[in-house]
Amino acid sequence: MTNRTNSPRLAQPVQSLVLLVAALSVGILGCSQTRRQEPQAQQGSDPPKVVTTILPMTQFTRAVAGDRAEVRPLIPPQMGTHSFQARPEEVRLLAQADVLVINGLGMETFLEGLIASAGNPQLQIVDSSEGLPTLRAEEPEHGHSHGHGHGHSHGHSHGHSHGHGHGHPHGHSHGEFNPHIWLDPRRAIQQVENIRDGLISVDPAGAEIYQANAAAFIEKLKALDEEIERRLAPFAGKKFVVFHNFAPYFAERYNLKAEFLVEPEASPSPEDVRRVMETVRASGLKTILVEPQLGSNNPFEVLARDLGIQVRVFDPIETAGPEGLEPEYYLTVMRQNVENLVSAFEKEKAWVPLQLPVVGQAALEHLLARGR
């Protein structure tokens with residue numbers, strides 16, 4: 001009975017001590033959890049390190065990021081995807097990056113091995129072509145860019161980890177879809193929106209900055225699109241011929257027809273020469289548009305002289321000097337492309353030459369030798 005009588009009195013201080021220890025433990029654990037979460041919160045507010053692939057991706061991403069995030073190109077601006085060979089510097093750049101912005105549609109066929117070498121499981125990939133309507137890649141004999149639209153959704157979500165590879169063969173044809181979507185300003189707007197959303201998903205603290213910057217650049221792209229539409233409206237339905245197949249999206253947007261002459265990464269063949277001559281005969285072609293990347297030694301200069309046609313420039317914005325990294329460069333080059341195209345259209349008449357000069361054997365041999 002005594003024990004039972006004294007037990008409640010003895011239990012009170014013991015119980016109080018247990019409650020005090022428990023309270024202190026909760027407080028200590030709470031502080032510990034707070035301390036563990038602080039670095040994560042600080043890390044989440046840090047601007048991400050962003051890497052881009054081709055030149056338009058650098059331009060668009062810099063437009064969106066502004067001063068909020070560091071944006072560095074993986075490929076030097078003067079180098080195209082076909083001549084790019086990753087060095088240790090590029091591997092390190094990807095290893096330290098938080099975000100990689102790509103064009104997609106098989107444009108970056110070199111990435112799969114490079115990402116694996118970087119060994120960065122935290123790398124988030126933003127595919128700017130996500131959800132955009134696409135056009136199928138075509139052979140030179142069927143270089144029309146109209147009437148082949150397809151909704152494109154290849155299942156890449158913003159911010160997925162590495163292992164990204166389209167499995168397309170290396171070369172400018174890239175695979176099933178033509179990748180040159182940035183040459184249509186309306187699709188470029190969608191790319192900017194995808195980049196904006198991708199950066200926000202990685203860096204929510206910068207959302208307001210990314211939204212404002214994207215909106216400002218999109219307004220410039222809309223103005224560019226309206227300007228190009230006005231300039232090219234008088235030439236609706238006309239055909240223009242480019243050297244490589246980079247123009248179908250541009251042509252589709254402005255109600256033109258684009259044909260191309262040869263596949264890249266290959267020496268021009270006698271079949272290529274015949275195709276060019278047949279195109280000239282059929283259409284009274286007066287101008288071929290070539291990329292500035294070909295330089296003055298492009299193999300069709302000889303043919304153009306023999307056929308009495310001009311060679312003008314249409315820049316697909318795949319290489320440039322250091323100035324090409326800036327967003328305004330895209331706007332400037334697109335306007336220049338339109339001026340060159342308008343000049344080509346204005347020169348062409350509804351006149352087909354009665355007789356075309358024949359490419360001599362010596363000239364043809366010279367052409368093929370230069371193309372190898």
Side-chain angles (χ1 to χ4, degrees), residues 56 135 138 140-149 178 180-188 221-262 264 272-273 275-296 298-318 329-357:
L135 298 171
E138 299 185 28
E141 292 82 359
H142 309 287
H144 301 287
S145 66
H146 53 291
H148 299 283
N178 190 296
H180 299 85
I181 50 178
W182 65 88
L183 292 176
D184 169 9
R186 288 189 176 179
R187 285 178 170 90
L221 291 174
K222 288 180 178 177
L224 172 70
D225 179 54
E226 292 170 1
E227 178 184 329
I228 295 175
E229 188 173 38
R230 286 194 302 271
R231 293 286 284 135
L232 295 179
F235 309 103
K238 287 188 69 66
K239 178 192 298 182
F240 66 100
V241 178
V242 295
F243 193 76
H244 291 143
N245 190 19
F246 57 77
Y249 295 103
F250 179 90
E252 182 200 55
R253 166 65 190 96
Y254 300 111
N255 194 24
L256 303 172
K257 298 176 182 178
E259 292 193 0
F260 65 104
L261 299 176
V262 297
D272 294 323
V273 174
R275 184 184 306 115
V276 175
M277 295 183 68
E278 289 167 3
T279 301
V280 172
R281 287 194 178 98
S283 63
L285 182 69
K286 302 298 292 181
T287 306
I288 295 176
L289 299 168
V290 302
E291 307 95 303
Q293 293 82 1
L294 293 175
S296 59
N298 81 75
F300 275 82
E301 285 282 357
V302 173
L303 183 61
R305 286 198 299 269
D306 284 341
L307 293 176
I309 59 179
Q310 288 189 337
V311 176
R312 290 185 180 270
V313 171
F314 193 111
D315 189 349
I317 322 181
E318 293 189 26
Y329 187 83
Y330 173 86
L331 306 172
T332 299
V333 172
M334 288 295 289
R335 288 189 168 95
Q336 187 58 58
N337 285 339
V338 172
E339 290 306 313
N340 291 344
L341 183 57
V342 168
S343 296
F345 283 148
E346 289 177 343
K347 184 174 179 59
E348 292 182 7
K349 307 295 182 182
W351 168 77
V352 179
L354 296 176
Q355 186 174 8
L356 289 171

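Throughout, numbering of the chain's residues begins at 1 and tracks the sequence.
- Looking only at side-chain heavy atoms (C-beta outward), R187 and E252 come within less than 4.5 Å of each other.
- Of the inter-residue distances, the one linking N245 atom CG with N178 atom CG reads 5.0 Å to the nearest 0.5 angstrom.
- The salt bridge (Lys or Arg N to Asp or Glu O under 4.0 Å) with D225 is formed by just one residue from the set R231, R253, R230, R335; it is R253.
- Between W182 and A188, the closest heavy-atom pair is O-CB, 3.9 Å.
- Closest of all the heavy-atom pairs between I309 and T287 is CB-N, 4.4 Å.
- Residues M334 and L224 are in side-chain contact: their nearest non-hydrogen atoms beyond the backbone lie under 4.5 Å apart.
- Within the model, atoms CG of D184 and CG of L221 stand 10.5 Å from one another, a figure rounded to the nearest 0.5 Å.
- Side-chain contact between E318 and E291 is absent, with no heavy-atom pair separated by less than 4.5 Å.
- Under the 4.5 Å side-chain criterion, counting only non-hydrogen atoms from C-beta, F314 is in contact with F246.
- Classified by interplanar angle (parallel below 30°, tilted 30° to 60°, perpendicular above 60°), the ring pair F240/F345 is perpendicular.
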Please report the C-alpha distance between L232 and F250 in whole Å, then the side-chain angles of each, then the deciding distance to 0.1 Å, and finally whether the side chain to side chain contact (heavy atoms under 4.5 Å, CB included) criterion is met. CA-CA 11 Å; L232 295 179; F250 179 90; 3.7 Å; yes
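- Note that CG of L183 and OH of Y249 are 10.5 Å apart. Values are rounded to the nearest 0.5 Å.
- Remark: E346 CD to K286 NZ distance equals 15.5 Å, nearest 0.5 Å.
- How far NE2 of H180 is from CG of L135: 12.0 Å, rounded to the nearest 0.5 Å.
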Chi angles and distances behind the side chain to side chain contact (heavy atoms under 4.5 Å, CB included) call for F243, V311
CA-CA 10 Å; F243 193 76; V311 176; over 6 Å; no
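- Closest approach of P56 to I317, counting heavy atoms only: CD-O, 3.3 Å.
- Heavy-atom minimum distance, E229 versus Y254: N-CE2, 3.7 Å.
- Between atom CG of residue L341 and atom NZ of residue K238 there is a gap of 10.0 Å, rounded to the nearest 0.5 Å.
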